Amino acid sequence: MSLFQLQPFNGISQLAVGNPFQQKKYGRRTFLCRPQAVASRTQRIMESVSVSGEVGGAGGAYSYEALKRLDQLWSNICSAQEVVQEPQQVVSTVPSSFRSSDLANKAQGSYDVLVCGGTLGIFIATALCAKGLRVAIVERNVLKGREQEWNISRKELMELVEVGVLEEEDIDRATAAKFNPNRCGFERKGDIWVEDILNLGISPVKLIEIVKKRFISLGGVIFEGCSVAGIDVYEDAAVLKLSEDKILLSRLIIDAMGNFSPVVKQVRIIIYSLLDSKHDSLFFPVSPAMILQIRCGKKPDGICLVVGTCARGFEKNSNSDVIYSSSSVKKVGNSKAQYFWEAFPAGSGPLDRTTYMFTYVEPQPGSPKLEELLEQYWDLMPEYQASFLSGVSLDNLEILRVIYGIFPTYRESPLPSAFNRVLQFGDASGIQSPVSFGGFGSLTRHLGRLSSGIYEAMNGDYLESQDLSLLNPYMPNLSASWLFQRAMSAKEHTNVPEDFINELLYTNFNCMQRLGDPVLRPFLQDVVQFGPLSKTLGLVMLTNPQILPSIFKQVGVPVLLDWSKHFLMLGYYTFLSTFADPVVRPFLNTLPSKTSFRWRRHLEAWKYGAGLDYKL
Ligand SMILES: Cc1cc2nc3c(=O)[nH]c(=O)nc-3n(C[C@H](O)[C@H](O)[C@H](O)COP(=O)(O)OP(=O)(O)OC[C@H]3O[C@@H](n4cnc5c(N)ncnc54)[C@H](O)[C@@H]3O)c2cc1C
């Protein structure tokens, strides 16, 4: 019997047999059977928690076994050897027409767009379906949201309503928890309180179920339990090869397979479209050094490591922490880490609370493993919660699930398209801020822009990599944010005071608060703008000039110089969007269609790259 039942039933093509995810039993089995030394506290805790309902997306696995797998992947990234070997070739370019190929009659289905990966993929798929395109999603597991909530604000979710992916009442249906006010806390320095920032706990299970139903009702097709094995790009079509030798045909493939997408691995090595000298450097300020870095397929420039829990037993549980920074750097394994915290009431019960501990590190041998961070988490979490809530002890908490994730960040993001007919989306595109792990929040900001741009590209057949790259353009505000990650990572030999990072953050937040909502709120929602950033830097220099030498020591001159370039570009994009856009826009409809498509993307790049899409 064939593994897949490819004929969609009620819009969903289910596995006939053998979804590896469904078959797996989680729990103690694997690790208890293995002869081993004393189990770590993390292992004991994790194996005592029953984990059901694990899914494929980031943060969707809760077992100890999955933690070990992720730690192994993380160790490979950190290994001393630079990642210069050829990755597995997933995408191949075939310089001929599909119609004349041997495969011409073998495709099991033909679509306008195929979306690979269904977690955030379902959102773009539904937006494109609503515009009248024939869309299918290929998801290697069951297309289902994770149990662990996404924290976000209503304002951000309303963007999905504007795009037509959600109805306003869907937001209420998917909202599991709502809380205010929210704290930005700095140990031994002080607190800043804000309202309506990350103050909703959205159930991904419910949200994705709602969008999935909408997608199917619009005629969308889902292939679940199907893994992408390869992509052949012909002159007139893209062929998606699934495991088990099935193939699907489409005009465009959207890679929404997350941070560890097999296509992204290949793209990071072969960015040829940006080398095309036809590009105007005004719009593509790509330096030779940057190109070299991309070409070498080097390691991520930074990594955000996150561990945490959703636990029951918090008596006082009405407020959240958007960020809480510790006053000292901690020794972990062979290196040092500066810890930050986030904590939110969870929707599963009035005493349930999600707590995240995260840190930014450079991937190198000796960088802390997730399990090592968890070992510290068990000691530090009650201490941290006690700074906010009284009398929290690990013994009195029932751990509902243990959460973890790693987020690679690259200075050169978002990722331009490297192949005709293939475009990255969601975490795979690197469009999320390097300082937060809010990839879902970032999607809400860009979905309208991306769905309209993709629709236009499909209509005009502008599916070459150069054209698709315009949809994931250089954004100076994203690149400028990268410095913040560097400033927030503990360094081994920098000679800065122990509490420097905490001090720096407090000074910044304090200045932003003094400058008011137009400065503080966009920043807290991952949007960096030129005016607010300049004002904040100016005020920091006036109020705390003695911190400047430590900043130089902490981030280093090369990083500061690189950042200055993006800061200037941020100013330039702000100028272009404010003054050049109104001049250019009236002429767009008079231009040839392809030129008009390109100019529209440039105008969007100016606007989004300057953070001017953000409305207070
Ligand atoms: C601990 C943690 C907490 C987080 N909290 C928040 C939060 O509060 N707010 C927020 O906005 N964001 C949060 N995020 C980030 C958010 O979860 C991610 O941004 C989001 O999941 C990214 O979705 P994605 O679809 O781009 O990638 P992924 O979530 O990685 O999903 C990729 C999908 O592709 C599928 N896939 C992979 N390979 C293949 C293949 N070969 N064939 C077919 N399918 C494939 C996978 O099964 C999966 O469904 C958090 C993440 C973590 C880890």
Side-chain angles (χ1 to χ4, degrees), residues 19-21 54-62 66-67 70 88 90 114-125 136-153 156-157 160 176-177 197-204 207-208 222-231 240-243 248 253-265 304-310 320 322 342-344 346 354-358 370 401-408 424-433 436-446 525-526:
N19 176 349
F21 235 66
E54 292 194 316
V55 294
Y62 314 112
L67 173 79
L70 195 56
Q88 191 200 352
V90 185
L114 280 169
V115 177
C116 306
T119 303
L120 295 189
I122 186 84
F123 294 90
I124 188 71
I137 301 176
V138 172
E139 166 56 52
R140 96 179 141 188
N141 299 307
V142 177
L143 204 168
K144 197 168 178 248
R146 67 183 201 191
E147 304 243 329
Q148 180 57 38
E149 284 149 29
W150 277 323
N151 291 101
I152 192 161
S153 67
E156 290 167 298
L157 284 172
L160 298 182
I197 299 283
L198 295 182
N199 69 316
L200 299 186
I202 292 292
S203 158
L207 186 71
I208 288 182
I222 301 173
F223 295 99
E224 293 184 320
C226 297
S227 197
V228 173
I231 295 172
L240 189 64
K241 296 176 181 160
L242 307 177
S243 34
L248 299 172
I253 289 182
I254 295 182
D255 166 18
M257 292 183 281
N259 277 317
F260 302 104
S261 152
V263 180
V264 169
K265 277 187 208 147
C304 175
L305 298 174
V306 185
V307 297
T309 51
C310 183
S320 75
V322 174
E342 282 188 355
F344 307 98
T354 297
T355 311
Y356 294 118
M357 181 180 92
F358 59 102
L370 291 168
R401 76 182 72 91
V402 178
I403 317 153
Y404 42 86
I406 69 177
F407 302 88
Q424 271 64 41
F425 175 81
D427 279 9
S429 70
I431 208 153
Q432 59 282 17
S433 158
S436 80
F437 43 99
F440 171 57
S442 155
L443 156 106
T444 61
R445 219 184 123 201
H446 292 281
Q525 291 184 325
D526 285 338

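Count residues from 1 along the sequence. The figures that follow rest on heavy atoms only: side chains count, while hydrogens, waters and symmetry mates do not. Note that the coordinates shown come from a computational prediction; the quantities given were computed from them, not determined experimentally. Indexing begins at 1, ligand by ligand and atom by atom, following the structure's order.
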Considering residues at least two apart in sequence or located in another chain, which fulfil the side-chain contact (heavy atoms from CB on, under 4.5 Å) criterion with Leu70? Leu370, Tyr404, Ile406
If we ignore hydrogens and angles and just use 3.5 Å, is the side chain of Asn151 paired with the main-chain N or O of Leu200 as donor and acceptor? yes
Any nitrogen or oxygen of Asp427, main chain or side chain, under 3.5 Å from a nitrogen or oxygen of ligand 1? yes
Proximity of Tyr356 and Phe437 rings by center, below 6.0 Å: yes
Expected output: side-chain Arg146 to main-chain Ala58 donor-acceptor under 3.5 Å: yes
Taking atom 4 (C) of ligand 1 as the reference point, the nearest protein heavy atom with its distance: Arg146 NH2, 3.2 Å
Which residue and non-hydrogen atom of the protein lie closest to atom 31 (O) of ligand 1, and at what distance in Å? Thr119 OG1, 3.4 Å
Output yes when the distance from some N or O of ligand 1 to some N or O of Gly121 is under 3.5 Å, and no in every other case. no
Spacing of CG belonging to Leu242 relative to SG belonging to Cys226, to within rounding of 0.5 Å: 5.5 Å
Part of Val228 within contact of ligand 1 (heavy atoms, under 4.0 Å): both
Note the single closest protein heavy atom to atom 46 (C) of ligand 1, along with its residue, its atom name and the distance in Å. Glu139 OE2, 3.6 Å
Nearest heavy-atom contact between Glu149 and Pro204 is CA-CD, 3.7 Å
Pick, from Gln424, Arg140, Gln148, Glu156, the option with the minimum heavy-atom distance to atom 37 (C) of ligand 1. Arg140
Out of Ile152, Asn151, Asp526, who gets a non-hydrogen atom closest to atom 9 (N) of ligand 1? Asn151
With a cutoff of 4.0 Å, is Cys116 in contact with ligand 1, counting heavy atoms of the residue only? no
Ligand 1 contacted by Gln432 (non-hydrogen, < 4.0 Å): no
Under 3.5 Å, which donor-acceptor pairs do the side chains of residues 117-125 form with other protein atoms, sequence neighbours left out?
none

Please list the nearest protein heavy atom to atom 27 (O) of ligand 1 with its residue and the distance rounded to 0.1 Å. Gly258 CA, 3.3 Å
Are any of the side-chain heavy atoms of Val55 and Glu139 separated by less than 4.5 Å? no
Under 4.0 Å from one or more heavy atoms of Gly441, ligand 1 contributes atoms 11 (O)
Proximity flag Ile403 to ligand 1, non-hydrogen atoms under 4.0 Å: yes
Could you find the nearest protein heavy atom to atom 6 (C) of ligand 1 and give me its residue, atom name and distance? Phe437 O, 3.4 Å
In the structure I gave you, are the side-chain heavy atoms of Gln148 and Tyr62 within less than 4.5 Å of one another anywhere? yes
Gly117: numbered ligand 1 atoms lying under 4.0 Å from its heavy atoms: 33 (C), 34 (O), 35 (C)
Indicate, as side chain, backbone, both or neither, the part of Phe407 found under 4.0 angstrom from ligand 1 when only non-hydrogen atoms are considered. side chain
Under 3.5 Å: donor-acceptor pair, side chain of Ser261, backbone of Gly258: no
Given Glu149, Met257, Lys144, which has its nearest heavy atom closest to atom 45 (C) of ligand 1? Met257
Are Ile208 and Leu143 close enough that some pair of their side-chain heavy atoms sits under 4.5 Å apart? yes
Side chains of Val228 and Pro262 in contact at under 4.5 Å (non-hydrogen atoms): no
Students should be able to answer this: which protein heavy-atom is nearest to atom 28 (P) of ligand 1, and at what distance? Ala58 N, 3.5 Å
So if I count the atoms of ligand 1 from 1 in the order they appear, which ones are less than 4.0 Å from some heavy atom of Gly59? 53 (C)
Using a 4.0 Å heavy-atom cut-off, which part of Ser227 comes near ligand 1: side chain, backbone, both, or neither? both
Using a strict cut-off of 4.0 Å, indicate which atoms of ligand 1 neighbour a heavy atom of Asn141. 47 (O)
Taking 4.0 angstrom as the limit and counting only heavy atoms of Gly426, give me the atoms of ligand 1 inside it, by number and element. 26 (O)
Find the distance between SG (Cys116) and CZ (Arg140) and round it off to the nearest 0.5 Å. 11.5 Å
Non-hydrogen side-chain atoms of Ser153 and Ile197 separated by less than 4.5 Å: no
Check whether any heavy atom of Tyr356 sits under 4.0 Å from an atom of ligand 1. yes
Residue, atom name and distance, where the atom is the protein heavy atom closest to atom 10 (C) of ligand 1: Gly438 CA, 3.4 Å
For ligand 1, indicate whether the residue Cys226 contacts it via side chain, backbone, both or neither (heavy-atom separation under 4.0 Å). backbone
Can you confirm whether Phe425 sits close enough to Val115 that some side-chain heavy atom of one is under 4.5 Å from a side-chain heavy atom of the other? no
Residue, atom name and distance, where the atom is the protein heavy atom closest to atom 24 (P) of ligand 1: Leu120 CG, 3.7 Å
Compare Trp150, Phe425, Phe440 and give the one whose heavy atom is closest to atom 17 (O) of ligand 1. Trp150
Atoms of ligand 1, numbered as shown, that sit under 4.0 Å from any heavy atom of Gly57: 28 (P), 29 (O), 31 (O), 48 (C), 49 (O)
Would you mind reporting whether Gln432 and Phe407 have side-chain heavy atoms less than 4.5 Å apart? no
